[in-house]
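Notes follow once the structure below has been shown.
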There are 2 protein chains.
Amino acid sequence: MAGKNLGGPEADALDLGAVFRALADEHRRSVMTRLAADRSDSERGCNSFDLPISKQTQTHHFRVLREAGLIDEIDYGNRKGVRLRRADIEKRFPGLLALLEAESPGGAAPR
Amino acid sequence: MAGKNLGGPEADALDLGAVFRALADEHRRSVMTRLAADRSDSERGCNSFDLPISKQTQTHHFRVLREAGLIDEIDYGNRKGVRLRRADIEKRFPGLLALLEAESPGGAAPR
DNA sequence: CTTCAGGTACGATTCAAGTCGTACCTGAAG
DNA sequence: CTTCAGGTACGACTTGAATCGTACCTGAAG
């Protein structure tokens with residue numbers, strides 16, 4: 001029952017180019033914006049984002065995010081979980097998640 | 001003699017998607033990394049970056065950076081100047097330039 | 001004036017990326 | 001067992017972006 005975590009790069013190995021390429025796509029940025037705005041960092045289902053694209057394309061986008069080191073994907077066989085790698089991102093690229101959070105619909109307010 | 005400043009978006013109109021798309025390219029990110037690391041924010045020539053690409057392609061890349069609102073281009077007719085829009089970027093996307101500066105060859109040292 | 005370096009405009013080419021169709025796998029629920 | 005929803009693998013298509021060739025413009029220096 002315990003899903004296995006699909007591999008991604010180590011925290012130190014995160015590449016800014018890969019991160020920017022990942023965030024250049026609107027759908028992926030939408031996912032990251034919502035993940036950054038959710039401070040609970042709870043594991044979420046892949047279809048909790050209501051992306052207006054086919055499931056094959058969703059698979060592709062989540063894979064890109066994982067290979068960029070931005071999320072963890074937990075494979076349960078017939079479903080999949082997604083979790084933001086907040087600590088690793090914050091350590092390697094401090095401030096990046098704040099930029100994304102500021103793009104959240106209700107998240108532009110400075111604190 | 002006074003070059004005219006080629007237009008770009010206003011500070012408030014900077015789009016994070018366009019910025020990420022601009023920074024996704026290695027050559028453009030190389031330019032921005034060096035601009036971010038140079039705290040003098042002086043105007044620089046376009047060929048002061050030693051990009052290993054043709055001049056037509058350089059024109060294309062600098063245009064993308066300008067249209068994303070990251071740089072100003074000053075047209076003198078037969079040459080061109082480039083200046084980082086540090087204040088506007090810092091206002092709209094605080095911390096972004098620090099991320100780029102950290103990628104600078106000698107700029108990874110935390111303060 | 002002519003020459004020349006820096007830059008642009010336009011088009012063509014090449015390549016990467018987003019998208020989806022078809023087929024298949026996986027685990028849970030009947 | 002069968003059924004079904006969620007997900008993946010593979011291939012094909014399409015679009016956008018990076019690159020460059022050719023031609024032309026601009027201003028400065030002879």
Side-chain angles (χ1 to χ4, degrees), chain A residues 1-8 15-33 35 42-83, chain B residues 1-8 15-33 35 42-83:
Chain A
M1 75 192 309
K4 55 179 176 181
N5 197 328
L6 300 177
D15 174 56
L16 190 58
V19 169
F20 280 150
R21 274 190 298 274
L23 295 176
D25 181 86
E26 198 166 352
H27 295 134
R28 292 194 291 260
R29 199 169 60 255
S30 162
V31 168
M32 288 301 297
T33 294
L35 285 175
S42 55
E43 185 179 318
R44 299 182 56 163
C46 280
N47 38 12
S48 68
F49 296 97
D50 288 321
L51 296 177
I53 51 181
S54 69
K55 55 181 183 176
Q56 307 96 297
T57 307
Q58 291 192 34
T59 296
H60 165 67
H61 283 312
F62 284 113
R63 169 194 286 264
V64 172
L65 288 176
R66 172 171 57 85
E67 291 181 342
L70 295 174
I71 62 171
D72 278 328
E73 287 185 290
I74 301 95
D75 183 16
Y76 296 101
N78 64 343
R79 67 192 169 86
K80 201 174 55 176
V82 174
R83 187 173 342 203
Chain B
M1 73 194 317
K4 56 179 173 182
N5 196 329
L6 301 177
D15 175 54
L16 189 57
V19 169
F20 280 150
R21 273 190 298 276
L23 295 176
D25 181 87
E26 199 167 352
H27 296 134
R28 292 194 292 262
R29 199 168 59 255
S30 162
V31 169
M32 288 301 297
T33 293
L35 285 175
S42 56
E43 185 179 318
R44 299 182 56 162
C46 279
N47 38 11
S48 68
F49 296 97
D50 287 322
L51 296 177
I53 49 181
S54 69
K55 56 182 184 177
Q56 308 96 296
T57 306
Q58 290 193 35
T59 297
H60 164 68
H61 284 311
F62 284 113
R63 168 194 285 263
V64 172
L65 288 176
R66 171 171 56 85
E67 292 180 343
L70 294 174
I71 63 170
D72 277 330
E73 288 186 289
I74 301 95
D75 183 17
Y76 296 100
N78 64 342
R79 65 190 171 89
K80 202 174 54 176
V82 174
R83 187 174 343 201

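Numbers restart at 1 for each chain; the letters A, B, ... are given by sequence-line order, proteins then strands. Values reported hereafter were calculated over all heavy atoms of this structure, with side chains retained and with hydrogens, waters and symmetry mates removed. Worth saying up front: this structure is predicted, and the values here are computed from it rather than measured.
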Within the structure, does a side-chain N or O atom of B/Lys80 lie under 4.0 Å from either OP1 or OP2 of C/dT8?
-> yes

[X] side-chain N/O to [Y] backbone N/O, donor-acceptor pair under 3.5 Å:
X	Y	value
B/Arg66	B/His61	no
B/Arg44	B/Ser48	yes
A/Thr33	A/Arg29	yes
B/Arg28	B/Leu23	no

Give the rounded distance in Å between these two atoms: [atom1] of [X] and [atom2] of [N].
X	N	atom1	atom2	result
B/Asp25	C/dA17	CG	P	12 Å
A/Arg21	C/dC15	CZ	C1'	14 Å
B/Glu73	C/dG6	CD	P	17 Å
B/His27	D/dA18	NE2	P	10 Å
A/Leu6	D/dT8	CG	P	8 Å

Got A/Gln58 and A/Ile53 here, is their nearest side-chain heavy-atom distance under 4.5 Å?
-> yes

Canonical and wobble pairing (Watson-Crick, G-U, under 3.5 Å) of DNA chain D, dot-bracket with | = ||||||||||||||||||||||||||||||

Sugar-phosphate only, base, or nothing, as touched by B/Asp75 at under 4.0 Å among non-hydrogen atoms = nothing

After noting the C-alpha distance and the side-chain angles of A/Ser54 and A/Thr57, does the key distance pass the side-chain hydrogen bond (donor to acceptor under 3.5 Å, both in side chains) rule?
-> CA-CA 5 Å; A/Ser54 69; A/Thr57 307; 3.0 Å; yes

Choosing from C/dT26, D/dG27, D/dG7, which nucleotide comes nearest the side chain of B/Asn78?
-> D/dG27

Nucleotide nearest B/Arg28 when distance is taken to its side chain, options C/dG6, D/dA18, D/dG6 | D/dA18

Salt bridge (charged side-chain N to carboxylate O under 4.0 Å, His left out) involving A/Glu43 - partner list, sequence neighbours excluded | A/Arg83

Hey, can you pull the residues of residues 49-68 of chain A with a non-hydrogen atom under 4.0 angstrom from DNA chain C?
-> A/Ile53, A/Ser54, A/Gln56, A/Thr57, A/His60, A/His61

Nearest-nucleotide 5' precedence on DNA chain C, B/Cys46 against A/Gly77 = B/Cys46

CA sep, side-chain torsions, deciding dist, call: B/His60, B/Asp25, side chain to side chain contact (heavy atoms under 4.5 Å, CB included) = CA-CA 12 Å; B/His60 164 68; B/Asp25 181 87; over 6 Å; no

